[in-house]
Structures are given as C-alpha cells and as structure tokens.
Amino acid sequence: MELVGTIRHDGDGGVLDDLDTLRGARRWFQQQSAVLADATSTATSTATATATATATGDLVVDEELRQAVVGVRRAVRALFARVVSPAPPSPADAHRLLPVEEALRLLNAAAAREPVAPQLRWPAEEQPTAGLLSAEDDPGVRLVAALARDAVDFLSGPQREHLRACRAPRCVRYFVKSHGSQAWCKPSCGNRARVARHYERTRGAAGRG
C-alpha cells in the first residue's frame with residue numbers, strides 16, 4: 001500500500017508522483033527506510049553470509065532501480081483496479097492502466113527475480129519463525145522482488161476483499177476498508193465528500209427555485 005500510495009493527491013486538485021524523478025525516488029526510499037528494510041529482512045545472502053542489507057544502507061537508488069520499482073507499482077495499480085471493479089478505479093491512472101495479463105506477467109517476473117527458499121529458524125528457548133534464504137547479492141534486486149512478493153501476498157489474501165478506491169473528490173488513493181460503511185481513505189476525505197454533496201444539493205435547490 002505504501003508503494004501504491006506514491007501516486008497521491010497534491011492538495012491542490014492535481015496528482016503527485018513521489019517516484020517521478022530519481023531525486024524524488026531517493027527521498028521516498030529514505031522516508032520508507034524502516035518499511036523497506038522489513039520488506040527485505042527475511043532475505044539473507046548465502047554468498048556473503050551476512051545479515052540482510054537495509055533498504056538505505058548498501059542499496060544504490062539509481063535510475064534502473066527507480067524504473068523497476070515504478071514497473072511493479074504500475075502492475076499493482078492495474079490489478080488493484082481489477083479488484084475494485086465494477087466500481088471505478090483511482091482516477092490518477094484510470095486512462096492508462098496496463099492490461100491485466102501484462103500486469104500479471106510483470107508482477108510475477110519481478111517476484112521471480114530473486115530465487116528464495118523457505119527456512120525455519122528456531123533458537124533455543126524461543127519460538128520458531130519462518131524466513132527466506134536467498135543467494136541474490138544485489139540489494140536492489142532483493143528489494144524489487146520483495147515488493148512484488150508483498151503485492152502477490154496481498155492480492156491473494158483476505159485483505160483484497162476490503163480494497164477500495166477512495167470516493168472523495170480529487171482523491172486518488174486506494175485503501176483497505178476497516179469497517180463496513182467506510183467509503184473514504186481518511187476522515188478529511190469524508191469531510192470533503194460531505195461538503196461537495198452539500199454544495200451540489202444547495203446548487204440544485206437554487207436552480208429549481
């Protein structure tokens with residue numbers, strides 16, 4: 001959801017893309033360092049026999065990585081649009097969504113860039129945990145693959161049924177609904193939607209008068 005949310009309302013009627021430039025991508029990676037580190041924390045390189053790299057440590061955020069991450073985002077947003085259908089998708093990219101088959105191919109290819117195997121860890125006097133073992137040295141490849149795997153997990157899991165596109169005017173976000181009547185991603189969007197409805201009713205009444 002953090003990756004999909006890099007396309008957002010700019011607060012002035014337009015749309016911002018946090019990954020549109022290399023500078024913006026580097027800023028977003030830095031802001032999301034904890035989340036991105038979690039995304040790769042289960043991938044351990046057998047070649048280096050070290051703990052996993054953090055998202056902002058030895059990761060080089062270059063144009064190639066930016067485009068790879070944007071590619072995963074395009075695929076996920078196209079599949080999010082499929083999830084919320086027949087309701088309208090986010091208006092930010094509704095006119096340029098990837099075809100579903102292409103989005104699936106791109107997402108699965110990104111997830112497959114890092115061959116991993118499940119590993120059971122069970123230190124003495126502790127609870128067992130599951131992890132992934134990887135022979136991939138490039139932290140950029142690990143990160144792209146981890147983002148794609150997270151998307152696969154989300155789209156194949158129970159939260160998918162609660163995915164919605166925010167209905168508030170000018171909002172372009174997707175969100176996971178937390179209760180049955182939720183139609184907006186956050187309270188401010190709900191307030192804006194109510195104000196817009198009130199304005200339309202008032203204008204309609206004035207027109208009839």
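A quick note: this is a predicted structure, and the numbers were derived from the prediction, not measured. Just so you know, these numbers use all the heavy atoms, side chains as well, and skip hydrogens, waters and symmetry mates.
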same_hphob_cluster(Val100, Leu155) at 4.5 Å side-chain heavy-atom cutoff: yes
Atom pair CG (Leu104) and CZ (Arg82), whose distance is rounded to the nearest 0.5 Å: 6.5 Å
Hydrophobic cluster identity match, Val84 and Val172, side-chain contacts under 4.5 Å: no
Residue pair Gln182 / Arg164, side-chain heavy-atom distance below 4.5 Å: no
Residues, nucleotides or ligands: over 12 heavy atoms within 6.0 Å of Gln127 CD: no
Side-chain heavy atoms of Asp10 within contact of Val15, under 4.5 Å: no
Nearest atoms (heavy-atom pairs only) where Ala68 meets Val144: CB-CG2, 3.8 Å
Val152 backbone acceptor or donor facing Ser156 side chain under 3.5 Å: yes
Arg149/Glu114 salt bridge by N-O under 4.0 Å criterion: yes
Arg77 vs Tyr174 side-chain heavy atoms within contact, under 4.5 Å: yes
Minimum heavy-atom distance between Val72 and Ala110, given as atom pair plus value: CG2-CB, 3.8 Å
Heavy-atom pair of closest approach, residues Pro118 and Leu132: CA-CD2, 4.1 Å
Closest heavy-atom pair and its distance - Cys171, Cys185: SG-SG, 3.8 Å
Reported SG-to-CZ distance for the pair Cys189 and Arg167, which is rounded to 0.5 angstrom: 12.5 Å
Arg23/Asp18 ion pair, N-O < 4.0 Å: no
Step-by-step side-chain contact (heavy atoms from CB on, under 4.5 Å) determination, Leu65 to Leu59: CA-CA 10 Å; Leu65 178 59; Leu59 180 68; 3.8 Å; yes
Leu163 side chain near Met1 side chain, heavy-atom distance below 4.5 Å: yes
Side chains of Arg73 and Thr6 in contact at under 4.5 Å (non-hydrogen atoms): yes
Side chain proximity check, Leu79 to Val83, heavy atoms < 4.5 angstrom: no
Backbone of Glu126 reached by a side-chain donor or acceptor of Trp122 within 3.5 Å: yes
CD/Glu64: more than 12 non-hydrogen atoms of other groups inside 6.0 Å: no
Within 6.0 angstrom of Arg74 CZ, more than 12 heavy atoms from elsewhere: no
Distance-minimising heavy-atom pair for His9 and Gly14: CD2-O, 3.3 Å
Shortest non-hydrogen separation from Ala151 to Leu107 and the atoms involved: CB-CD1, 3.9 Å
Donor-acceptor contact present, side-chain Arg142 to main-chain Glu136, <3.5 Å: yes
Note, Asp138 side chain near Leu143 side chain (heavy atom, < 4.5 Å): no
Backbone of Arg96 reached by a side-chain donor or acceptor of Asp93 within 3.5 Å: no
Interatomic spacing from CZ in Arg105 to CG in Leu98 - rounded to 0.5 Å: 9.0 Å
Rounded distance [0.5 Å steps], OG1 in Thr21 versus CD in Glu63: 9.0 Å
From Thr129 atom OG1 to Arg121 atom CZ, the distance as rounded to the nearest 0.5 Å: 6.0 Å
Spatial distance of atom CG (Leu147) from atom CG (Leu3) [nearest 0.5 Å]: 5.5 Å
Check: Phe154 ring centre within less than 6.0 Å of Phe80 ring centre: yes
Check: Arg66 and Val70 side chains under 4.5 Å, non-hydrogen atoms: yes
